[in-house]
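Since the structure comes first, as structure tokens, the remarks are kept for the end.
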Amino acid sequence: MGDPIDLDFNRRQMLLGTTASAALMAMPETAWSAPAPKEAEVTAKVSLSVNGAPHELDLDTRTTLLDALREHLHLSGTKKGCDHGQCGACTVIVDGRRINSCLTLAIMHQGSEITTIEGLGTPENLHPMQAAFIKHDGYQCGYCTPGQICSAVAVLAEIKAGIPSHVTTDLTVQPQATSIEMRERMSGNICRCGAYSNIADAMAEVAGRPA
Amino acid sequence: MKFDTPATTNPIDQLKVVGHPIDRIDGRYKVTGTAPYAYERHDAVGNPAYGFVIGAAIAKGRIASMDLAAAKAAPGVLAVITAENAGQLAKGDMNTVKLLAGPDIDHYHQAVALVVAETFEQARDGAEKVRIDYVRGQGRFDLAAARDGAGMAGSGYWGPPATSVGDFAGAFAAAPVQLDATYTTPDQGHAMMEPHASTAAWDGDKLTLWTSNQMIAWGVGDVAKTLGVAAENVRLISPFVGGGFGGKLFVRADAILAALGARAAKRPVKVALTRPLMFNNTTHRPATIQRIRIGASRDGKITAIGHESWSGDQPDGQPETTVGQTRLIYAGANRMTAMRLATLHLPEGNAMRAPGEAPGMMALEIAMDEMAEKLGLDPIAFRDLNDTQVDPESPDRPFSQRQLVECFRLGAARFGWDKRSPRPGAARDGRWLVGLGVAAAFRNNLVMASGARVRLDRRGLVTVETDMTDIGTGSYTIIAQTAAEMMGLPIDKVVVRLGDSAFPVSAGSGGQWGGNSSTAGVYAACVRLRDTVVERLRLNAAEVTFADGQVRSGDRTVPLAEAAADGDLVAEDKIEYGDLAKRYQQSTFGAHFVEVGVDAATAEIRVRRMLAVCAAGRILNPKSARSQVIGAMTMGVGAALMEELVVDKRRGFFVNHDLAGYEVPVHADIPHQEVAFLDEADPMSSPMKAKGVGELGLCGVGAAVANAIYNATGVRVRDYPVTLDKLLPLMS
């Protein structure tokens with residue numbers, strides 16, 4: 001860090017975005033700077049409450065919340081599908097709000113209360129949303145499923161809390177858990193197996209509405 | 001067990017467990033995040049190191065130099081693997097080009113190095129410190145430009161590259177009603193949710209790979225070949241696969257590099273491809289150009305049908321086999337098909353869900369819609385008129401089952417097809433132009449040899465072991481249903497263990513052959529176990545029944561568990577197929593109905609209703625089969641409306657190589673979907689009388705969407721995906 005040429009590169013990488021970010025790692029025409037002086041690892045302590053249990057971690061500061069959960073706490077129910085906020089497989093609930101855990105560093109969450117799929121229910125004691133996903137076959141390969149379920153639980157809470165969405169037509173009345181409201185709010189969670197119609201049925205059942 | 005005569009009555013026909021919409025037996029693990037995928041085997045591998053793959057920054061050329069010094073000196077880095085230091089590596093039989101490139105580069109993002117470090121963050125940082133200079137070579141990346149120079153493809157599993165029956169040219173020229181139209185489909189990505197991932201561990205010269213792979217035995221073979229180790233020293237374990245769609249049929253760079261990294265670092269290493277690497281590093285469905293000619297009499301009988309296709313691949317690659325269904329689906333005395341293959345230096349083309357038929361039906365079923373309109377016929381009536389119950393190329397070869405007409409009939413009634421106006425642009429709902437579209441679904445039924453081992457223990461539990469994979473298809477559940485039905489047990493008395501090369505070789509998951517073939521293998525093993533039980537209990541084999549956990553023969557009733565009182569009973573067998581697939585054309589059929597709304601001002605397209613009616617043999621589990629079909633319908637909406645890997649024709653790579661750039665359907669894009677299965681049991685396919693269904697649902701649905709858009713707007717877009725920029729300028 002601190003090398004102006006490296007910073008310049010980061011900026012270019014940002015600008016190119018989806019088009020060539022990985023390519024830049026080894027672009028041939030570029031005049032690379034000499035290797036940066038050997039860096040020391042930077043670690044930091046962070047305290048997280050995950051599914052009600054306190055954890056003290058000493059982490060490389062670059063560690064995402066997702067990798068802290070998966071690689072350090074071995075809570076691998078939270079999935080890594082894209083690692084940059086495009087797929088939703090890593091959705092967890094932090095201090096009551098759902099977020100993409102790949103897009104946030106673990107050290108930014110000192111003292112946070114985190115709920116992962118493991119905290120919602122277990123194979124022997126399922127959360128109602130988990131049971132509804134099984135009943136309605138709201139999955140296929142299962143890889144996006146924990147993120148879908150964390151999102152689904154949080155979506156119903158958001159609607160209950162009166163938080164509007166892009167498709168809410170009247171901001172002066174309480175939003176309802178309609179099919180279109182749920183589908184809009186769930187659209188950050190990709191399911192390539194295409195279980196959307198079944199997920200909508202599962203959510204409708206938990207919300208107590210007709211599918 | 002050799003299956004070479006049509007199935008007769010067998011224990012599966014009881015349908016006490018098979019055929020019921022049973023919840024997935026692996027469901028509770030998937031919904032609680034406790035199903036272990038390849039990168040998260042903390043249960044099996046302690047303290048793995050992390051590998052990070054570097055992809056080539058050019059599409060064609062060679063590496064001039066690599067400077068690994070900074071990477072090797074970076075904190076935590078344990079090893080840097082390149083072609084130069086990896087030792088001799090062969091190319092796997094299923095790979096078109098090498099998985100670790102150097103010095104020559106075959107395609108963009110082909111792996112050129114793996115950096116192994118103590119942590120993921122360190123491995124990624126080390127990868128950024130690898131300096132590579134390339135010499136860029138000349139490559140060809142533009143299918144349209146290469147079209148005229150493309151030669152005939154070779155023969156392969158798809159049959160000959162060109163076929164001809166009767167006099168196509170003469171009959172087409174003489175036909176009073178003709179269609180001659182060209183359609184294109186773009187390159188598409190599998191974009192499964194779980195990245196390609198592997199954890200590798202060596203014990204001496206024995207390698208274990210926890211990997212995400214659809215075809216375990218193929219994988220063992222290609223890992224062994226690539227690394228130059230004996231196949232018996234390679235074990236693949238893949239109990240859960242986070243989506244494949246054909247992209248995980250073959251061993252990819254994650255597996256080979258994890259193995260090499262683990263050897264170099266002398267400890268287990270895990271590797272996942274990053275999402276931006278996946279689209280160019282791995283395989284994709286190749287783009288196609290398809291010319292379709294149909295000639296018919298004025299009353300709508302097809303007299304000539306021709307389908308030609310062009311696709312591209314690496315020099316030793318293969319065509320996208322888009323013309324196969326056109327040889328079989330409609331009648332007509334004069335026919336031709338041809339597949340040409342251009343050499344392109346894009347990433348490897350290969351199978352993606354319903355290879356061939358998916359893009360082929362996207363084109364053919366628009367052509368049928370266009371032809372019906374020219375003839376002034378309803379598109380369903382036109383298809384009915386040209387139905388055939390025999391292989392049109394070999395009229396003495398019947399279809400084993402063919403209920404395409406029935407699919408349309410039921411679908412039309414359910415969907416309200418009679419309310420559709422044949423005149424485009426006639427229906428309006430506020431700002432929405434509303435259109436209905438229909439298309440046939442067609443996909444061949446493939447059968448593959450498949451083995452299983454079943455074990456009865458003294459608790460009365462039956463454990464099934466097979467290297468079959470469950471890629472979301474429901475294999476665990478239908479295999480449990482099969483064993484339960486055969487052994488007369490409730491499903492909770494069956495344990496299923498999948499995806500391990502230590503188990504008997506199965507059909508694997510691909511080509512929609514997995515469900516029917518793998519359960520038929522379990523059937524065969526259970527037949528043998530039943531015989532063993534009967535022998536052990538000294539029962540009369542002629543009149544024995546297995547039901548309710550009991551074995552009955554005459555007036556004797558014995559608990560099944562008793563047969564294992566002195567120790568587990570184990571039986572193993574496999575299903576193998578004779579020539580029934582040659583004597584009978586085995587295919588699966590369906591009808592797709594779609595309603596779209598197109599915004600009259602902006603051309604925004606919304607899918608409002610979808611229905612698929614399928615005739616695909618016995619449906620082993622209507623719940624998971626329905627999920628396969630709605631998932632395929634969803635993927636078909638993607639193909640119709642948004643999915644396109646955009647080629648940079650100068651630099652030679654797919655530009656939109658992540659899930660923000662490569663758009664796939666999300667929740668808001670997909671309405672409630674309806675699926676109906678016709679009652680069918682096909683005794684020619686297997687003792688299960690089932691056929692494939694997982695790919696059928698994708699075939700034709702894109703065309704049904706496109707045809708609905710035409711019905712809504714009067715604009716015929718022949719270049720997929722149908723995006724509003726193509727639609728809007730032509731909407732009046």
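Letters A, B, ... are given to chains in the order of the sequence lines, protein chains preceding strands, and every chain is numbered from 1. Computed from a predicted structure; not experimentally measured.
Nearest approach of A/R70 to B/Y39, heavy atoms of both residues: NH2-CD2, 3.8 Å. Taking both residues in full, the closest heavy atoms of A/G142 and B/Y37 are given as C-OH, 3.2 Å, listed atom of the first, atom of the second, then distance. Closest of all the heavy-atom pairs between B/T34 and A/P123 is OG1-CG, 3.7 Å. Between A/L126 and B/T32, the shortest heavy-atom distance links the atoms CD2-CG2, 3.6 Å. Nearest heavy-atom pair across A/H84 and B/P276 is CE1-CG, 3.5 Å. Across all non-hydrogen atoms, the minimal contact from A/P146 to B/G33 is CG-CA, 4.0 Å.
Chain A forms the most heavy-atom pairs under 4.5 Å with one residue out of B/F240, B/F120, B/Y29, and that residue is B/F120. Most heavy-atom pairs under 4.5 Å with chain B, from the set A/N189, A/T78, A/T122: that is A/T122. Interface summary for chain B: among A/H74, A/E184, A/H136, the most heavy-atom pairs under 4.5 angstrom belong to A/H74. Comparing A/E71, A/K135, A/H127 by heavy-atom pairs within less than 4.5 Å of chain B, the highest count is held by A/E71. Looking only at heavy-atom pairs under 4.5 Å with chain B, the residue among A/S197, A/G85, A/G77, A/C193 that has the most is A/S197. Heavy-atom pairs under 4.5 Å with chain A peak, among B/G27, B/P21, B/S627, at B/S627. Among A/I117, A/T116, A/V167, A/T64, the residue making the largest number of heavy-atom pairs under 4.5 Å with chain B is A/I117. Considering only heavy-atom pairs separated by less than 4.5 Å from chain A, the leading option among B/M635, B/M633, B/H42, B/R28 is B/H42.
One finds a salt bridge joining B/E40 and A/K79 here, because a Lys/Arg side-chain nitrogen approaches an Asp/Glu carboxylate oxygen to under 4.0 Å. Between A/R192 and B/E643, at least one side-chain nitrogen of the basic residue sits less than 4.0 Å from a carboxylate oxygen of the acidic one, meeting the salt-bridge criterion. Remark: A/D137 engages B/R24 in a salt bridge, criterion side-chain N to carboxylate O under 4.0 Å.
Checked by atom type and distance alone, the side chain of A/Q86 pairs as donor or acceptor with a backbone atom of B/L659 at under 3.5 Å. Side-chain atoms of A/K80 never come within 3.5 Å of backbone atoms of B/E194 as a donor-acceptor pair (strictly under, hydrogens ignored). A donor-acceptor pair is defined here as one N or O able to donate and one able to accept, closer than 3.5 Å; no such pair exists between the side chain of A/T145 and the backbone of B/K30. One N or O on the side chain of A/R183 and one on the backbone of B/I670 form a donor-acceptor pair closer than 3.5 Å.
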Practice prompt. Evaluate side-chain contact (heavy atoms from CB on, under 4.5 Å) for B/V31 paired with A/M129, printing each intermediate quantity in order.
Written response: CA-CA 9 Å; B/V31 300; A/M129 189 66 80; over 6 Å; no
Item to complete: Please lay out, stage by stage, how A/Y196 and B/Q673 fare under the test side-chain contact (heavy atoms from CB on, under 4.5 Å).
Response: CA-CA 9 Å; A/Y196 299 130; B/Q673 294 165 318; over 6 Å; no
Worksheet item: Could you walk me through whether A/R62 and B/Q122 pass the side-chain contact (heavy atoms from CB on, under 4.5 Å) check?
Response: CA-CA 9 Å; A/R62 299 167 294 188; B/Q122 290 169 333; 3.9 Å; yes
Worksheet item: Given B/H667 and A/S151, is the side-chain contact (heavy atoms from CB on, under 4.5 Å) satisfied, shown in steps?
Response: CA-CA 12 Å; B/H667 281 269; A/S151 247; over 6 Å; no
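A distance of 5.5 Å separates CD in B/E121 from CG in A/D67, rounded to the nearest 0.5 Å. Considering SG of A/C87 and CZ of B/R275, their distance stands at 6.5 Å, rounded to 0.5 Å. Here B/D23 contributes atom CG and A/F133 contributes atom CZ; the two are 14.0 Å apart, rounded to the nearest 0.5 Å. With rounding to the nearest 0.5 Å, the separation of SG in A/C144 from CE in B/M193 is 6.0 Å. How far CG of B/D669 is from OG of A/S187: 6.5 Å, rounded to the nearest 0.5 Å.
In this structure, chain B has a heavy atom under 4.5 Å from the side chain of A/D83, while its backbone stays farther away. Contacts between B/A191 and chain A at a heavy-atom distance below 4.5 Å involve backbone atoms as well as side-chain atoms. Only the side chain of A/Q148 comes within contact range of chain B, with at least one heavy atom under 4.5 Å from a heavy atom of that chain. For B/M192, the part sitting under 4.5 Å from any heavy atom of chain A is the backbone (N, CA, C, O) and nothing else. Proximity to chain B is limited to the side chain of A/I149, based on heavy atoms less than 4.5 angstrom apart. Contacts of A/T63 with chain B are made by both backbone and side-chain atoms, with heavy-atom separations under 4.5 Å. Contacts between A/I199 and chain B at a heavy-atom distance below 4.5 Å involve the side chain alone, from C-beta outward.
When side chains are defined from C-beta on, B/F245 does not count as touching A/C141, because their heavy atoms never get closer than 4.5 Å.
For CD1 of A/I180, the number of neighbouring non-hydrogen atoms (other residues, nucleotides, ligands) closer than 6.0 Å is 12 at most.
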